[in-house]
There are 2 protein chains.
Amino acid sequence: MNLLAEKLTNNQQTVLDLLEGSKEPLKAYAILFDIQKKGIKSPLQVYRALDKLIEIGKVHKIESKNSYIACNNSNCNSQTSTSFLICEICDKVTELKKNNLSGYFSKVSDKSNFKYTKHNLEIYGACKACKNKI
Amino acid sequence: MNLLAEKLTNNQQTVLDLLEGSKEPLKAYAILFDIQKKGIKSPLQVYRALDKLIEIGKVHKIESKNSYIACNNSNCNSQTSTSFLICEICDKVTELKKNNLSGYFSKVSDKSNFKYTKHNLEIYGACKACKNKI
DNA sequence: ATTTGATATGTTATATTATTACATGTAATA
DNA sequence: TATTACATGTAATAATATAACATATCAAAT
(Lines give C-alpha, C1' and ligand atoms only; values in the text may rest on other atoms or scores of the structure.)
Protein backbone atom coordinates (compact mmCIF):
# COMPACT_ATOMS: atom_id res chain seq x y z
CA MET A 1 0.00 0.00 0.00
CA ASN A 2 1.35 3.37 -0.94
CA LEU A 3 0.47 5.77 1.81
CA LEU A 4 1.36 8.83 -0.20
CA ALA A 5 -1.02 7.89 -2.97
CA GLU A 6 -3.87 7.10 -0.63
CA LYS A 7 -6.93 8.77 -2.00
CA LEU A 8 -9.38 10.06 0.50
CA THR A 9 -13.12 9.78 0.28
CA ASN A 10 -15.36 12.79 0.67
CA ASN A 11 -16.05 12.18 4.32
CA GLN A 12 -12.43 11.56 5.11
CA GLN A 13 -11.34 14.68 3.25
CA THR A 14 -13.97 16.77 4.97
CA VAL A 15 -12.83 15.67 8.40
CA LEU A 16 -9.18 16.11 7.52
CA ASP A 17 -9.76 19.59 6.13
CA LEU A 18 -11.43 20.62 9.33
CA LEU A 19 -8.65 19.25 11.50
CA GLU A 20 -5.94 20.80 9.36
CA GLY A 21 -7.63 24.17 9.69
CA SER A 22 -7.91 23.94 13.43
CA LYS A 23 -5.38 25.41 15.81
CA GLU A 24 -6.40 23.02 18.52
CA PRO A 25 -7.20 19.34 18.66
CA LEU A 26 -10.91 18.68 18.17
CA LYS A 27 -13.24 16.20 19.79
CA ALA A 28 -15.28 13.86 17.65
CA TYR A 29 -18.60 15.49 18.42
CA ALA A 30 -17.14 18.94 17.84
CA ILE A 31 -16.08 17.71 14.42
CA LEU A 32 -19.55 16.34 13.83
CA PHE A 33 -21.12 19.64 14.77
CA ASP A 34 -18.81 21.58 12.48
CA ILE A 35 -19.36 19.49 9.39
CA GLN A 36 -23.06 18.79 9.58
CA LYS A 37 -23.52 21.40 6.92
CA LYS A 38 -21.46 19.19 4.64
CA GLY A 39 -23.88 16.33 4.94
CA ILE A 40 -22.28 14.31 7.69
CA LYS A 41 -25.06 13.53 10.10
CA SER A 42 -23.98 10.81 12.46
CA PRO A 43 -21.15 10.21 14.93
CA LEU A 44 -20.28 7.00 13.16
CA GLN A 45 -19.46 8.83 9.98
CA VAL A 46 -16.98 10.93 11.89
CA TYR A 47 -15.46 8.02 13.76
CA ARG A 48 -15.08 6.01 10.59
CA ALA A 49 -13.31 8.85 8.85
CA LEU A 50 -11.09 9.36 11.87
CA ASP A 51 -10.23 5.67 12.04
CA LYS A 52 -9.09 5.70 8.46
CA LEU A 53 -7.16 8.93 8.78
CA ILE A 54 -5.43 7.61 11.87
CA GLU A 55 -4.64 4.37 10.10
CA ILE A 56 -2.85 6.18 7.29
CA GLY A 57 -1.06 8.55 9.62
CA LYS A 58 -2.83 11.76 8.66
CA VAL A 59 -4.44 12.19 12.05
CA HIS A 60 -3.46 11.30 15.58
CA LYS A 61 -5.55 10.86 18.67
CA ILE A 62 -4.56 12.57 21.87
CA GLU A 63 -5.67 9.95 24.31
CA SER A 64 -5.72 12.02 27.45
CA LYS A 65 -7.99 14.55 25.80
CA ASN A 66 -10.16 12.30 23.64
CA SER A 67 -9.23 14.66 20.87
CA TYR A 68 -7.92 14.43 17.36
CA ILE A 69 -5.28 16.44 15.57
CA ALA A 70 -4.00 16.54 12.01
CA CYS A 71 -0.47 15.32 11.61
CA ASN A 72 1.83 18.23 10.95
CA ASN A 73 4.66 16.22 9.53
CA SER A 74 4.59 16.35 5.76
CA ASN A 75 5.12 12.64 5.46
CA CYS A 76 4.40 11.31 8.86
CA ASN A 77 5.92 7.93 9.37
CA SER A 78 4.34 7.62 12.73
CA GLN A 79 1.04 5.98 12.09
CA THR A 80 1.56 4.40 15.44
CA SER A 81 3.94 6.24 17.71
CA THR A 82 3.14 9.77 18.70
CA SER A 83 4.66 12.43 20.92
CA PHE A 84 2.96 15.66 21.87
CA LEU A 85 3.65 18.81 23.80
CA ILE A 86 0.37 19.96 25.28
CA CYS A 87 0.04 23.45 26.71
CA GLU A 88 -2.03 23.37 29.88
CA ILE A 89 -2.79 27.04 29.55
CA CYS A 90 -3.94 27.57 25.98
CA ASP A 91 -4.51 23.92 24.98
CA LYS A 92 -2.27 24.24 21.97
CA VAL A 93 -0.75 20.94 20.96
CA THR A 94 2.52 20.50 19.13
CA GLU A 95 3.59 17.23 17.69
CA LEU A 96 7.20 16.36 18.27
CA LYS A 97 8.62 15.67 14.86
CA LYS A 98 10.86 12.91 13.78
CA ASN A 99 13.24 12.34 16.61
CA ASN A 100 15.05 9.61 18.42
CA LEU A 101 12.45 9.00 21.07
CA SER A 102 11.59 5.60 19.69
CA GLY A 103 15.17 4.48 19.98
CA TYR A 104 15.38 5.79 23.49
CA PHE A 105 12.16 4.10 24.54
CA SER A 106 13.29 0.90 22.95
CA LYS A 107 16.34 0.92 25.19
CA VAL A 108 14.34 1.82 28.26
CA SER A 109 11.98 -1.05 27.47
CA ASP A 110 14.83 -3.48 27.00
CA LYS A 111 15.98 -2.82 30.53
CA SER A 112 12.61 -4.07 31.72
CA ASN A 113 12.78 -7.06 29.43
CA PHE A 114 10.03 -5.61 27.31
CA LYS A 115 9.99 -5.56 23.53
CA TYR A 116 9.11 -2.08 22.32
CA THR A 117 6.68 -1.72 19.44
CA LYS A 118 5.33 1.79 19.66
CA HIS A 119 4.55 4.55 22.10
CA ASN A 120 2.33 7.43 22.96
CA LEU A 121 3.88 10.34 24.82
CA GLU A 122 1.94 13.30 26.13
CA ILE A 123 4.00 16.01 27.75
CA TYR A 124 2.12 18.73 29.62
CA GLY A 125 3.45 22.16 30.39
CA ALA A 126 3.53 25.67 29.04
CA CYS A 127 4.13 26.56 25.42
CA LYS A 128 6.48 29.31 24.39
CA ALA A 129 3.82 31.97 24.17
CA CYS A 130 2.17 31.07 27.46
CA LYS A 131 5.25 30.59 29.58
CA ASN A 132 6.36 34.09 28.68
CA LYS A 133 3.16 35.48 30.08
CA ILE A 134 3.54 33.90 33.48
CA MET B 1 -0.98 17.80 53.59
CA ASN B 2 0.92 14.68 54.40
CA LEU B 3 0.32 12.22 51.63
CA LEU B 4 1.69 9.28 53.57
CA ALA B 5 -0.69 9.85 56.41
CA GLU B 6 -3.67 10.26 54.15
CA LYS B 7 -6.45 8.18 55.60
CA LEU B 8 -8.76 6.58 53.11
CA THR B 9 -12.50 6.41 53.39
CA ASN B 10 -14.38 3.16 53.04
CA ASN B 11 -15.19 3.66 49.40
CA GLN B 12 -11.68 4.71 48.56
CA GLN B 13 -10.19 1.75 50.39
CA THR B 14 -12.58 -0.66 48.73
CA VAL B 15 -11.63 0.56 45.27
CA LEU B 16 -7.94 0.58 46.10
CA ASP B 17 -8.06 -2.96 47.50
CA LEU B 18 -9.66 -4.19 44.33
CA LEU B 19 -7.11 -2.50 42.09
CA GLU B 20 -4.20 -3.71 44.20
CA GLY B 21 -5.48 -7.25 43.90
CA SER B 22 -5.87 -7.08 40.15
CA LYS B 23 -3.22 -8.24 37.73
CA GLU B 24 -4.56 -5.99 35.02
CA PRO B 25 -5.81 -2.44 34.90
CA LEU B 26 -9.54 -2.22 35.45
CA LYS B 27 -12.19 -0.05 33.88
CA ALA B 28 -14.46 2.03 36.06
CA TYR B 29 -17.58 0.03 35.35
CA ALA B 30 -15.70 -3.23 35.91
CA ILE B 31 -14.72 -1.87 39.30
CA LEU B 32 -18.31 -0.94 39.97
CA PHE B 33 -19.50 -4.40 39.07
CA ASP B 34 -16.92 -6.05 41.31
CA ILE B 35 -17.67 -4.05 44.42
CA GLN B 36 -21.43 -3.78 44.30
CA LYS B 37 -21.52 -6.43 46.98
CA LYS B 38 -19.70 -3.98 49.19
CA GLY B 39 -22.44 -1.43 48.95
CA ILE B 40 -21.15 0.75 46.18
CA LYS B 41 -24.05 1.20 43.82
CA SER B 42 -23.36 4.00 41.43
CA PRO B 43 -20.67 4.96 38.92
CA LEU B 44 -20.18 8.24 40.67
CA GLN B 45 -19.07 6.53 43.83
CA VAL B 46 -16.38 4.75 41.86
CA TYR B 47 -15.27 7.83 39.97
CA ARG B 48 -15.09 9.87 43.14
CA ALA B 49 -12.95 7.27 44.84
CA LEU B 50 -10.73 7.02 41.77
CA ASP B 51 -10.34 10.79 41.60
CA LYS B 52 -9.13 10.92 45.15
CA LEU B 53 -6.82 7.93 44.79
CA ILE B 54 -5.31 9.44 41.66
CA GLU B 55 -4.90 12.76 43.43
CA ILE B 56 -2.85 11.19 46.21
CA GLY B 57 -0.85 9.05 43.82
CA LYS B 58 -2.19 5.63 44.83
CA VAL B 59 -3.81 5.02 41.47
CA HIS B 60 -3.00 6.01 37.92
CA LYS B 61 -5.16 6.18 34.87
CA ILE B 62 -4.03 4.59 31.65
CA GLU B 63 -5.47 7.05 29.22
CA SER B 64 -5.34 4.98 26.09
CA LYS B 65 -7.28 2.20 27.77
CA ASN B 66 -9.64 4.18 29.96
CA SER B 67 -8.41 1.96 32.73
CA TYR B 68 -7.07 2.37 36.21
CA ILE B 69 -4.18 0.67 37.96
CA ALA B 70 -2.84 0.74 41.49
CA CYS B 71 0.53 2.39 41.81
CA ASN B 72 3.16 -0.23 42.44
CA ASN B 73 5.75 2.12 43.82
CA SER B 74 5.76 2.00 47.57
CA ASN B 75 5.80 5.73 47.86
CA CYS B 76 4.91 6.98 44.47
CA ASN B 77 5.98 10.53 43.99
CA SER B 78 4.32 10.67 40.64
CA GLN B 79 0.86 11.86 41.33
CA THR B 80 1.15 13.47 37.98
CA SER B 81 3.71 11.92 35.68
CA THR B 82 3.32 8.30 34.69
CA SER B 83 5.12 5.85 32.43
CA PHE B 84 3.80 2.45 31.50
CA LEU B 85 4.83 -0.62 29.57
CA ILE B 86 1.68 -2.14 28.13
CA CYS B 87 1.74 -5.65 26.71
CA GLU B 88 -0.38 -5.81 23.56
CA ILE B 89 -0.69 -9.56 23.90
CA CYS B 90 -1.72 -10.21 27.50
CA ASP B 91 -2.69 -6.65 28.49
CA LYS B 92 -0.39 -6.70 31.48
CA VAL B 93 0.75 -3.25 32.47
CA THR B 94 3.96 -2.42 34.25
CA GLU B 95 4.67 0.96 35.68
CA LEU B 96 8.15 2.26 35.04
CA LYS B 97 9.53 3.12 38.43
CA LYS B 98 11.42 6.14 39.49
CA ASN B 99 13.68 6.99 36.64
CA ASN B 100 15.14 9.90 34.82
CA LEU B 101 12.44 10.17 32.19
CA SER B 102 11.20 13.45 33.58
CA GLY B 103 14.63 14.98 33.25
CA TYR B 104 14.95 13.71 29.73
CA PHE B 105 11.53 15.01 28.72
CA SER B 106 12.32 18.32 30.30
CA LYS B 107 15.32 18.65 28.01
CA VAL B 108 13.38 17.51 24.98
CA SER B 109 10.74 20.09 25.81
CA ASP B 110 13.27 22.84 26.23
CA LYS B 111 14.45 22.31 22.68
CA SER B 112 10.94 23.17 21.53
CA ASN B 113 10.78 26.14 23.82
CA PHE B 114 8.25 24.39 26.00
CA LYS B 115 8.27 24.33 29.78
CA TYR B 116 7.82 20.76 30.99
CA THR B 117 5.48 20.14 33.90
CA LYS B 118 4.54 16.48 33.71
CA HIS B 119 4.06 13.66 31.28
CA ASN B 120 2.18 10.53 30.42
CA LEU B 121 4.05 7.83 28.54
CA GLU B 122 2.45 4.67 27.26
CA ILE B 123 4.80 2.20 25.61
CA TYR B 124 3.22 -0.71 23.76
CA GLY B 125 4.92 -3.98 22.96
CA ALA B 126 5.45 -7.45 24.33
CA CYS B 127 6.19 -8.26 27.95
CA LYS B 128 8.88 -10.72 28.93
CA ALA B 129 6.53 -13.67 29.19
CA CYS B 130 4.75 -12.97 25.92
CA LYS B 131 7.73 -12.13 23.75
CA ASN B 132 9.26 -15.48 24.65
CA LYS B 133 6.21 -17.24 23.30
CA ILE B 134 6.35 -15.64 19.89
C1' DA C 1 -19.08 -4.70 -19.69
C1' DT C 2 -19.88 -7.54 -16.22
C1' DT C 3 -18.88 -9.97 -12.07
C1' DT C 4 -16.47 -9.88 -7.96
C1' DG C 5 -14.44 -8.31 -3.78
C1' DA C 6 -13.10 -4.85 -0.92
C1' DT C 7 -14.15 -0.74 1.08
C1' DA C 8 -17.17 3.16 2.20
C1' DT C 9 -21.80 4.99 3.33
C1' DG C 10 -26.21 5.92 5.68
C1' DT C 11 -29.11 5.10 9.44
C1' DT C 12 -30.83 3.59 13.79
C1' DA C 13 -30.00 2.00 17.96
C1' DT C 14 -27.15 1.08 21.76
C1' DA C 15 -22.97 0.54 24.58
C1' DT C 16 -19.44 2.68 27.28
C1' DT C 17 -17.33 6.28 29.93
C1' DA C 18 -17.94 10.19 32.85
C1' DT C 19 -20.23 14.29 35.05
C1' DT C 20 -24.03 17.52 36.95
C1' DA C 21 -27.07 18.57 40.39
C1' DC C 22 -28.73 18.41 44.77
C1' DA C 23 -29.84 16.70 49.26
C1' DT C 24 -27.66 14.57 53.21
C1' DG C 25 -24.07 12.81 56.30
C1' DT C 26 -19.76 12.84 59.01
C1' DA C 27 -16.08 14.27 61.52
C1' DA C 28 -12.58 17.52 63.00
C1' DT C 29 -12.14 22.02 65.02
C1' DA C 30 -12.71 26.88 66.34
C1' DT D 1 -22.40 23.90 69.16
C1' DA D 2 -21.63 26.26 65.11
C1' DT D 3 -18.60 26.06 61.39
C1' DT D 4 -15.91 24.08 57.91
C1' DA D 5 -14.45 20.85 54.85
C1' DC D 6 -15.04 16.63 52.85
C1' DA D 7 -17.49 12.53 51.72
C1' DT D 8 -21.86 10.11 50.51
C1' DG D 9 -26.19 8.65 48.17
C1' DT D 10 -29.18 8.97 44.43
C1' DA D 11 -31.13 10.16 40.07
C1' DA D 12 -30.54 12.02 35.90
C1' DT D 13 -27.93 13.10 32.01
C1' DA D 14 -23.83 14.24 29.20
C1' DA D 15 -20.01 12.80 26.44
C1' DT D 16 -17.58 9.34 23.91
C1' DA D 17 -17.73 5.36 21.00
C1' DT D 18 -19.46 1.03 18.70
C1' DA D 19 -22.83 -2.68 16.83
C1' DA D 20 -25.78 -4.12 13.37
C1' DC D 21 -27.55 -4.10 8.96
C1' DA D 22 -28.87 -2.60 4.48
C1' DT D 23 -26.82 -0.12 0.38
C1' DA D 24 -23.59 1.98 -2.48
C1' DT D 25 -19.23 2.76 -4.84
C1' DC D 26 -15.43 1.59 -7.43
C1' DA D 27 -11.41 -0.68 -9.08
C1' DA D 28 -9.57 -5.16 -10.57
C1' DA D 29 -10.19 -9.51 -12.81
C1' DT D 30 -12.58 -12.09 -15.96
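Computed from heavy atoms alone, side chains included, the values below leave out hydrogens, waters and symmetry copies. Throughout, protein chains are lettered first and strands after them, A, B, ... in sequence-line order, and every chain is numbered starting at 1.
To the nearest angstrom, P of C/dT17 lies 14 Å from CZ of B/F33. The distance between atom CD of B/Q45 and atom P of C/dT20, rounded to the nearest whole Å, is 17 Å. One interatomic measurement links the two molecules: NZ of B/K27 to C1' of D/dT16, which rounds to 11 Å at whole-angstrom precision. B/E63 places its CD atom 12 Å from the C1' atom of C/dA18, with the value rounded to the nearest Å.
No engagement by B/K65 is indicated, since no non-hydrogen atom pair under 4.0 Å with the nucleic acid exists.
The listed nucleotides are C/dT12, D/dA17, C/dA18; the one nearest the side chain of A/Y29 is D/dA17. Each of C/dT9, D/dA17, C/dA18 was ranked by its minimum atom distance to the side chain of B/N66; first place goes to C/dA18. Among D/dT16, C/dT19, C/dA8, the nucleotide with an atom closest to any side-chain atom of B/Y47 is C/dT19. Taking the side chain of B/L44 as heavy atoms from C-beta on, and the options D/dT18, C/dT19, C/dT11, the nearest nucleotide is C/dT19. Side-chain proximity of A/S42 to C/dT9, C/dT12, C/dC22: nearest is C/dT12. Closest approach to the B/Y68 side chain among C/dA18, C/dG10, D/dT16 is made by C/dA18 (side chain taken as heavy atoms from C-beta onward).
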message: side chain to side chain donor-acceptor pair (under 3.5 Å) for B/E95 and B/H60? Distances and angles first, verdict last.
response: CA-CA 9 Å; B/E95 184 178 352; B/H60 305 304; 3.0 Å; yes
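The nearest pair of heavy atoms linking A/T117 to B/G125 is OG1-CA, 3.0 Å.
Considering only side-chain N and O atoms, A/K61 lies under 4.0 angstrom from the phosphate OP1 or OP2 of D/dA17.
Relative to the axis of its first five pairs, the axis of the last five pairs of the helix from C/dA1-D/dT30 to C/dA30-D/dT1 sits at 20°, rounded to 10 degrees.
Electrostatic pairing of A/D110 and A/K115 does not count as a salt bridge here, judged by no charged N lying under 4.0 Å from a carboxylate O. Salt-bridge check for B/K118 with A/E88: passed, with a basic side-chain N closer than 4.0 Å to an acidic carboxylate O.
A tilted orientation is assigned to the rings of B/Y116 and B/F105, their planes being inclined by 30° to 60°.
With rounding to the nearest 0.5 angstrom, the OG atom of A/S81 is 11.0 Å from the OH atom of B/Y124. Rounded to the nearest 0.5 Å, atoms CD (B/E20) and OG (B/S22) are 11.0 Å apart.
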